[in-house]
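Written out below as structure tokens is the structure these notes cover.
All residue numbers in this chain count up from 1 along the given sequence. Small disclaimer: the values here were computed from a predicted structure and weren't measured.
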Amino acid sequence: VEVLSVIAQQLLVLFGAKGELKSFSETKEVDFEGSMITMKPAFNVFITMNPGYAGRTELPDNLKALFRPVAMMVPEYALIGEIMLYSFGFDKARELARKMVVTFQLSSEQLAAHDHYDFGMRAV
């Protein structure tokens, strides 16, 4: 958690420098921890959180305050699998993708829970 608080302070410096830019074409030299870096208006930071996921901790309040939450939806695995299979040259990708999704769903429901089992998007 201490490391995350340090990161929050570093991001505050960077976001402050970005806020000083007057136009999208302007850049600014910033002294960041002893290194001169060029701040561009397109600079952004994004984080992905999976609350409750094994080994994850909550963000400290000073870091959480620097970001806006965005809601995410559960992806449509069958469509993603279909596109992947088509890109690999499968002719019956739609049918195979549906079977793949059913296999993963049944596996996650019926197999014993172990940390090394992953029937989510990474497996696809």
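Closest of all the heavy-atom pairs between T27 and L21 is C-CD2, 3.8 Å. Taking both residues in full, the closest heavy atoms of G81 and M100 are given as CA-CE, 3.7 Å, listed atom of the first, atom of the second, then distance. Shortest non-hydrogen contact noted between L14 and F32 is CD2-CD1, 3.7 Å. In plain terms, the two heavy atoms of L66 and A8 that are nearest each other are CD1-O, 3.6 Å. A93 and E82 get closest at one heavy-atom pair: CB-O, 3.5 Å.
The side chain to side chain donor-acceptor pair (under 3.5 Å) search around R98 returns none, not counting sequence neighbours. Residues that satisfy the side chain to side chain contact (heavy atoms under 4.5 Å, CB included) test with I83, not counting sequence neighbours, are L79. In this structure, the side chain to side chain contact (heavy atoms under 4.5 Å, CB included) partners of S23, at least two apart in sequence or on a different chain, are S25, E26. In this view, N44 and K18, F46 satisfy the side chain to side chain contact (heavy atoms under 4.5 Å, CB included) rule, not counting sequence neighbours. With sequence neighbours left out, Q110 forms a side chain to side chain contact (heavy atoms under 4.5 Å, CB included) with L106.
For the atom pair CD (E29) and CD1 (I37), the distance works out to 8.5 Å, reported to the nearest 0.5 Å. Atoms OG and CG, from S5 and L63 in turn, are 7.5 Å apart once rounded to the nearest 0.5 Å. Annotation: the span from K99 atom NZ to R94 atom CZ amounts to 14.5 Å, rounded to 0.5 Å.
Heavy atoms of other residues, nucleotides or ligands lying less than 6.0 angstrom from NZ of K64 number more than 12.
The same ILVMFWY cluster, assembled from side-chain heavy atoms under 4.5 Å apart, contains both V3 and L11. Under a hydrophobic clustering in which Ile, Leu, Val, Met, Phe, Trp and Tyr are joined whenever their side-chain heavy atoms come within less than 4.5 Å, directly or via other members, M72 and L59 fall into different clusters. Under the 4.5 Å side-chain heavy-atom criterion for grouping Ile, Leu, Val, Met, Phe, Trp and Tyr, M84 is connected to F90 within one hydrophobic cluster. By the criterion of side-chain heavy atoms lying less than 4.5 angstrom apart, applied directly or through intervening Ile, Leu, Val, Met, Phe, Trp or Tyr residues, Y77 is not grouped with V102; the two fall into different hydrophobic clusters. Clustering ILVMFWY residues whenever any of their side-chain heavy atoms sit less than 4.5 angstrom apart, transitively, puts I47 in the very cluster that holds I7.
Using a 30° and 60° split on the angle between ring planes, F67 and F15 fall in the perpendicular class, above 60°.
By the 4.5 Å side-chain criterion applied to Ile, Leu, Val, Met, Phe, Trp and Tyr, F24 is assigned to no cluster and stands alone.
By the 4.5 Å heavy-atom criterion applied to side chains, Q9 and L12 are counted as neighbours. The shortest side-chain heavy-atom distance between V6 and E2 does not fall under the 4.5 Å cut-off.
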